[in-house]
Every structure is written in C-alpha cells, then in structure tokens.
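Along the sequence shown, the residues carry numbers beginning at 1. Heavy atoms only: backbone and side chains are in, while hydrogens, waters and symmetry mates are out. Each ligand, and each atom within it, is numbered from 1 in the order the structure gives.
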Amino acid sequence: MAKAIRQMEENVHLVDIVFELVDARIPAASRNPEVSRISRDKPHLIILTKKDLADSQQTAAWLNAYRAQNIPAIAIDSRANVTPKQITNLALKILGDKLAAEKAKGLKERPVRAMTVGVPNVGKSTLLNHLVQRRAAQVGNTPGVTKGQQWLRSSKHLELLDTPGILWPKFKDQETAQKLALTGAIKEKLYAKDDVALFALHFFRQYHLPELEQRYRLTAADRELSDVDLLLKITANLGMRDDYERASERVILDARRQKLGGFTLDRAPQKEATDHDPEKA
Ligand SMILES: Nc1nc2c(ncn2[C@@H]2O[C@H](COP(=O)(O)OP(=O)(O)OP(=O)(O)O)[C@@H](O)[C@H]2O)c(=O)[nH]1
C-alpha cells in the first residue's frame, strides 16, 4: 500500500484530472482520505461504480448531493452501460477552461490525462477495459488484482493512468472497515466473518427486512431477537446446525450477490442538509 501511495504522489502532477472510483454501495466509506490528500489540487470526477448492486434511490440521492456541492459525479454499472464517449465528454467539460486557455495560447490539441484511483475491487480495471475497448487491465473478483501502474490510451482525447487499489493503513473506525469488508474491498483473511455478518444483519433488518425474512425464512416473532440470536436462527434455518461461521459467510455472499436486494450502506446526505441546493436557488 505504501508503494502504491508513493507512486500516486510521484505521478499526480502528470495528470489533468483524477477519476475517483467509489463503490455506489459505500460512497463515503470507499473514499480514501489518502487519495483526497494527494490529489486535492486536481479536478475530480467521482465515478460511483456497481450501481447495479446499490439501492437506486440512494444512488440518485447521492448524485443530487454531489450536484448540490458542485462535485462532478456519475453512477455506472461498469459491466454494462459505460461508453468511453460519456466519460471522455465529462472530463472534457470539467477541464473546459483549462483546455480553452491552452488553445488560446496556441498550444497543440492534446489528450486529457486522467488518473484512476479507488479502493481495491471497486471496478477500476473493468472500467478501464471499457474505456480502452480491450482487455488491458486484469479483472478479478478479489481485492488486489492490479499490481502496478500503467498508461492506457482510450482515444485521441483521453489517456488513463491505472493504479493499484489503495486502502488506508488505519481505518477511520470499525464501521468503515465492516462496510469495506462486506462489499469486498478487504481480503477475506483480514476480517472476522461473523462480525461482518452481524453488521450486515443489523443493516438489512433496518432497511431491507422483507428481503431478509424471505431469504432466510424468518417470521415476525424473530424480529424480537438480538442480532447474535438472529444469526443463530439463520444458521439453523439454513440447516447448518451450529456452524455460524459458515452461515456468516453465506450471509456475506448473499448480500454481495444481491440476494437481499440492491443496498447502500452509506445513506445519502439528506436534502435539507446540503447548503447549496440549486433547486432552492
Ligand atoms: N455488478 C458489478 N460488478 C462489477 C462492476 N464493476 C466491476 N465489477 C466486478 O467487480 C470485481 C472487481 O473488478 P476489478 O475491475 O478487477 O476491480 P479493481 O478495482 O481493478 O480491483 P483491484 O485490482 O483490486 O484494484 C470483478 O468481479 C468485476 O467483474 C459493476 O459496475 N457492477
């Protein structure tokens, strides 16, 4: 991780814009404070990835919140709906003044250079492969597949610097770590599955109770149980006797595979909480 951060620090001056990929299910927890620190002088485009796995109402609310703060942002399903033109045009729009100034000085037209950053497994390689329209970056369903940095050419308008996923050395708090673990940004051996499953159950009880009850054949009476007792009940209902570790793993995988519905762990800021709401102006 230290090497990845150093590489980013060394190269940030080479780019015009930072494409900051954040997981649409955890738009707050997957924003890396190190990335903000290193690239604070550069324009940013926030790209919410995996929107197909998130709660669509929450994603819309997050996009509204970014808009209200004049932060350029877009939500994508990297596997389906990304067109290189869409992202390129956004980058060109964000950098419009800078490019116009260069043109006015008589400088030759050149591609925009973008650095893509994000936590492990957020979908950087998948997006990059779309943007360059070939399999240039390695994709894998485990965190840490991308190892080094590489420049990729999307078109004559856009060049991209791929970077390995960066997690930060100390998580802000335990909850951030649970969110990153549940969505797959942290290597499996680094977290306790039962802790993450309990965190998931607590969340799904609050926001997706019908899906949870249906998936694990729970009844209204089970609503009174503590989270720990609920996990034990689910373990029994899954026919796993008292193997709550295995049941925990199942809950985590079910959540990731959308068996409990699209979900967003970080709730979007409430509309009234945003100071510069253009709709009110
Ligand atoms: N459902 C869904 N899956 C996605 C999306 N984007 C990427 N994935 C999947 O997420 C997993 C990780 O994607 P990668 O592109 O390898 O992620 P990465 O950020 O390059 O990962 P590192 O190499 O760890 O930095 C893969 O299984 C992808 O197929 C998306 O928008 N929706």
Side-chain angles (χ1 to χ4, degrees), residues 1-8 11 18-27 29-32 34-35 38-39 44-56 58-60 62-63 73-84 86-87 90 114-152 154 160-169 171 177 179-191 252-266:
M1 251 4 122
K3 187 174 158 217
I5 289 173
R6 204 181 56 241
Q7 282 180 341
M8 196 183 153
N11 289 310
V18 173
F19 289 168
E20 187 175 351
L21 274 64
V22 296
D23 188 317
R25 294 166 296 176
I26 45 170
S30 62
R31 280 197 86 177
N32 189 330
E34 285 294 303
V35 166
I38 296 167
S39 59
H44 273 230
L45 171 62
I46 304 266
I47 302 180
L48 294 174
T49 60
K50 308 193 179 185
K51 78 163 185 181
D52 54 308
L53 302 180
D55 174 335
S56 54
Q58 282 292 313
T59 301
W62 271 103
L63 289 175
I74 180 177
I76 58 170
D77 167 0
S78 312
R79 300 196 302 188
N81 74 343
V82 191
T83 65
Q86 201 183 0
I87 304 271
L90 268 171
M115 179 185 260
T116 54
V117 295
V119 294
N121 219 27
V122 71
K124 285 181 305 299
S125 302
T126 309
L127 173 64
L128 284 165
N129 287 342
H130 264 295
L131 292 177
V132 301
Q133 291 170 309
R134 69 188 162 87
R135 210 176 142 74
Q138 212 183 333
V139 173
N141 198 14
T142 46
V145 173
T146 308
K147 300 291 181 208
Q149 294 201 119
Q150 57 174 336
W151 278 101
L152 303 166
S154 170
L160 299 143
L161 182 60
D162 186 14
T163 63
I166 304 181
L167 276 181
W168 43 110
F171 297 115
K179 288 174 179 173
L180 289 161
L182 182 58
T183 52
I186 300 181
K187 288 197 172 108
E188 249 184 46
K189 57 177 188 265
L190 297 180
Y191 59 84
I252 294 168
L253 288 180
D254 280 352
R256 286 185 193 159
R257 291 176 185 154
Q258 250 195 336
K259 303 287 183 200
L260 302 170
F263 67 93
T264 303
L265 298 171
D266 286 328

Heavy-atom proximity to atom 7 (C) of ligand 1, best of Asp52, Val117, Val122, Thr126: Thr126

Close-contact set for ligand 1 against Asp77 heavy atoms, below 4.0 Å: 30 (C), 31 (O), 32 (N)

Polar atom proximity, Gly123 to ligand 1 (N or O, under 3.5 Å): yes

Close-contact set for ligand 1 against Pro120 heavy atoms, below 4.0 Å: 24 (O), 25 (O)

Numbered atoms and elements of ligand 1 in range of Leu53, under 4.0 angstrom, heavy atoms: 1 (N)

Heavy-atom check, side chain of Phe19 versus side chain of Leu160, under 4.5 Å: yes

Atoms of ligand 1, numbered as shown, that sit under 4.0 Å from any heavy atom of Asn121: 11 (C), 12 (C), 17 (O), 18 (P), 19 (O), 21 (O), 22 (P), 24 (O), 25 (O)

With Leu180, the side-chain contact (heavy atoms from CB on, under 4.5 Å) member among Leu265, Leu190, Ile186, Asp23: Ile186

Closest non-hydrogen atom pair, Arg256 against Thr183: NE-C, 4.0 Å

Any N or O of Lys124 closer than 3.5 Å to N or O of ligand 1: yes

Validation row: Ile46, Arg31 side chains within 4.5 angstrom (heavy atoms): yes

Contact summary for Ser30 and Val119, nearest pair of heavy atoms: O-CG1, 3.7 Å

Donor-acceptor pair between Ser78 and His130 side chains, under 3.5 angstrom: no

